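All values derive from a computational prediction rather than experimental measurement. The chains referred to below are lettered A, B, ... by the order of the sequence lines, with proteins before strands, and numbering in each begins at 1.
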Amino acid sequence: MLTQAPKGTKDVTPRQSAHWHAVEGVMRRVCDLAGYREIRTPAFEHTELFMRGVGETTDVVQKEMYTFEDKGGRSITLKPEGTAGAVRAYLEHGMANDPQPMKMYYMYSPVFRYEKPQSGRFREHHQFGLEVFGAKSATVDAEVIDVAMSVFRNLGITKLALTVNSIGCPECRKTYNQALKAFLEPLMPQMCPTCGTRYEKNPMRILDCKDPSCQALTKDAPTTFDRLCGDCAAHFADLEKLLRAMGIGYTIDKRLVRGLDYYTRTVFEIIGQFSTGPLTVCAGGRYDGLVEQLGGAPTPGVGFGMGMERLIMAMEQEGLLAQDQPLVDVFVASMGATNEAFQIARELRAAGVRTDCDHAARSLKAQFKYAGKTGAAIVLVLGEDELREGTVTMRDMRASSEKRVPRSDIAATVRAAL
RNA sequence: GUGGGUAUAGUUCAGUUGGUUAGAGCGCCAGAUUGUGGCUCUGGAAGUCGUGGGUUCGAAUCCCACUACUCACCCCA
């Protein structure tokens, strides 16, 4: 119990962290190329922010938040998604006064949801994400999708499918909800209880029901997509044009409805193929009403969240994770003269050479074994003879050759040999 | 929240119809004569058999409960 990580959490061990660094490096590069800067927001926020931002009727808010009262009597919630915090920061720091659009990304941002864990689903996971504020053009929708696809492409992930849809704006939603409710009314007695409550609170989400009988009943239900207002339809047509121009393949899923209330117009998902089945790796969309809803001036927004754990899972399944790299390039072995060996290691490090030395007073043989495991290409041996003549023996592990090197020449000789 | 599966060493797993001091591979540590890795050989350390109860002369093994892990549903990255 004590030596077991809490349910639904995972350690990234020293062996695995290199994979994360590789992924993070690609993310930073892709974002930097497109003019996005990193934002870091707290792991927790006032509960109210998520209630109003994410939406009180969502499953995330209703049953999955880690909410607690702090010692000052404030209701605090560990963030269950990334966008609300970014919007809060945008407003708090008056970023609306900076040149617009304001483009930002976040990385390795922990996200907490109290769910029952299973393959690819955790109670704490990490998201990479983008948020763009202050631009309503479909080029931003396209850019955000392009950045996500670039991350996948640069990492070599191929088993992906992009699905897009438009769920319209509050204008189209009004007429749509009427049409949908009219269609559903006679069917409601046959539908599942969850859909019953959805009917009252957010009828659009009935289309998202996974119950086979509900799906059959709503097969011919009107979709938001077919009832878009002129502006929304034009916006989506623009996006399609851009996607085609970029050569990004996609399918339209008119029933794609996301689980967070703030989305408007464009919504999309990028779904990966895993041995256990398909899993959403990246999802997002436009949220033109969110900033205003949280107390700001009307400001359009677009963004997405990408699950880092799922991304790395996808890489693992496609055999894209790099082999273990050498821990150091040089190992300084010694026989008794451990302090001197440590000094030599320090000097090499100062010269920019990745170096380790013996810390266990082990036999020379054991030190060589250990050096082999670290992947060191060069082992320096400091024994009695070398101490006496002020040299070290430099052994090239790859060529199994060795030579004596004066102490003063170590750094230069080692660097030339690597 | 609902349902299925599993629980033995750091790890992956054996463990016969209940029977004495619970095993293996990998990993770890140490040796195989004089100051040298990878291969090989030898040895060693390491397990409250998930926890608690019950059945029995005897339980890792059978029964019950709990817990954890895992997979699926709901939902989601």
Side-chain angles (χ1 to χ4, degrees), chain A residues 1-10 13 15 54 57-65 79-83 106 108-129 148 192-195 198 205 208-212 214 257-260 268-272 274-284 303-314 331 333-337 358 360 362-387 392-402:
Chain A
M1 189 69 183
L2 188 64
T3 55
Q4 192 166 52
K7 197 183 189 73
T9 64
K10 281 263 188 296
T13 63
R15 291 185 85 92
V54 177
T57 65
T58 61
D59 278 22
V60 168
V61 168
Q62 280 186 345
K63 47 185 207 190
E64 294 183 350
M65 294 207 302
K79 62 180 168 191
E81 58 91 55
T83 302
Y106 49 85
Y108 198 72
S109 167
V111 169
F112 305 89
R113 288 182 204 160
Y114 192 83
E115 316 190 72
K116 212 159 168 184
Q118 63 190 63
S119 179
R121 205 177 63 188
F122 311 96
R123 286 188 172 175
E124 180 196 40
H125 74 277
H126 298 83
Q127 289 191 5
F128 159 69
C192 75
T194 318
C195 283
R198 283 176 180 148
R205 303 214 47 234
D208 205 26
C209 187
K210 301 296 187 295
D211 187 300
C214 289
V257 174
R258 311 247 48 258
L260 310 179
F268 69 91
E269 286 188 355
I270 300 171
I271 296 161
F274 295 85
S275 58
T276 49
L279 223 44
T280 302
V281 178
C282 176
F304 69 71
M306 189 183 288
M308 306 268 293
E309 281 83 356
R310 288 185 181 180
L311 182 71
I312 289 170
M313 266 172 71
F331 185 87
S334 61
M335 299 165 74
D358 177 57
R362 285 191 277 204
S363 70
L364 189 63
K365 188 188 186 97
Q367 292 182 54
F368 264 92
K369 247 184 197 172
Y370 179 80
K373 280 171 202 157
T374 64
I378 289 172
V379 174
L380 300 179
V381 183
L382 190 60
E384 284 176 27
D385 299 346
E386 290 87 346
L387 270 179
V392 293
T393 294
M394 178 173 120
R395 179 176 179 84
D396 189 313
M397 300 288 273
R398 301 158 298 188
S400 296
S401 63
E402 42 184 78

Any residue meeting salt bridge (charged side-chain N to carboxylate O under 4.0 Å, His left out) with [X], in chain and number order, not counting sequence neighbours:
X: E115(A); result: R121(A)
X: K373(A); result: none
X: E402(A); result: R395(A)

Collect all protein-nucleotide pairs involving nucleotides 6-10 of chain B in which both atoms are nitrogen or oxygen and the distance is under 3.5 Å.
none

Atom pair distance, as rounded to whole Å: [atom1] in [X] and [atom2] in [N]:
X: H125(A); N: C75(B); atom1: NE2; atom2: P; result: 17 Å
X: L279(A); N: C75(B); atom1: CG; atom2: P; result: 14 Å
X: K10(A); N: A68(B); atom1: NZ; atom2: P; result: 15 Å
X: M313(A); N: U70(B); atom1: CE; atom2: P; result: 12 Å
X: E115(A); N: A77(B); atom1: CD; atom2: P; result: 9 Å

Need one value for [X]: base, sugar-phosphate or nothing, where a base atom within 4.0 Å counts as base even if backbone is also close, heavy atoms only.
X: A283(A); result: sugar-phosphate
X: F128(A); result: nothing
X: G120(A); result: base

Sorted by chain and number, sequence neighbours left out, side-chain hydrogen bond (donor to acceptor under 3.5 Å, both in side chains) with S109(A) holds for K79(A)

By side-chain hydrogen bond (donor to acceptor under 3.5 Å, both in side chains), Q367(A) pairs with (sequence neighbours left out) none

Taking the side chain as every heavy atom from C-beta outward, state whether V60(A) and E81(A) have any pair of such atoms under 4.5 Å apart. no

Between Q127(A) and Y114(A), the residue closer to the 5' end of RNA chain B by nearest nucleotide is Y114(A)

Check for a donor-acceptor pair, side chain of E124(A) on one end and backbone N or O of G8(A) on the other, with a separation under 3.5 Å.
-> no

Open item on the list: At less than 4.0 Å, is any side-chain N or O atom of K7(A) found next to OP1 or OP2 of C69(B)? Yes or no.
Closed with: yes

Between C71(B) and Q118(A), is there an OP1 or OP2 to side-chain N/O distance shorter than 4.0 Å?
no

Taking ring pair (Phe, Tyr, Trp, His ring centres under 6.0 Å) as the test, write out the residues that go with [X], two or more places apart.
X: F331(A); answer: Y370(A)
X: Y114(A); answer: Y66(A)
X: F268(A); answer: none

| message | Distance check, C1' atoms only: U56(B) and G50(B), in whole angstrom units. | response | 23 Å

- Message: In whole Å, measure the gap between the C1' atoms of U17(B) and A59(B) for me.
- Response: 14 Å

Across all chains, not counting sequence neighbours, the side chain to side chain contact (heavy atoms under 4.5 Å, CB included) partners of V111(A) are R113(A), H125(A), Q127(A)

For nucleotides 28-37 of chain B, 5' to 3', base contacts (B), sugar-phosphate-only contacts (S) and non-contacts (-) with protein non-hydrogen atoms under 4.0 Å give SSS----BBB

Taking Watson-Crick and G-U wobble contacts under 3.5 angstrom, with | marking pairs to another strand and [ ] crossing pairs, the secondary structure of RNA chain B is written (((((((..((((.....[...)))).(((((.......))))).....(((((..]....))))))))))))....

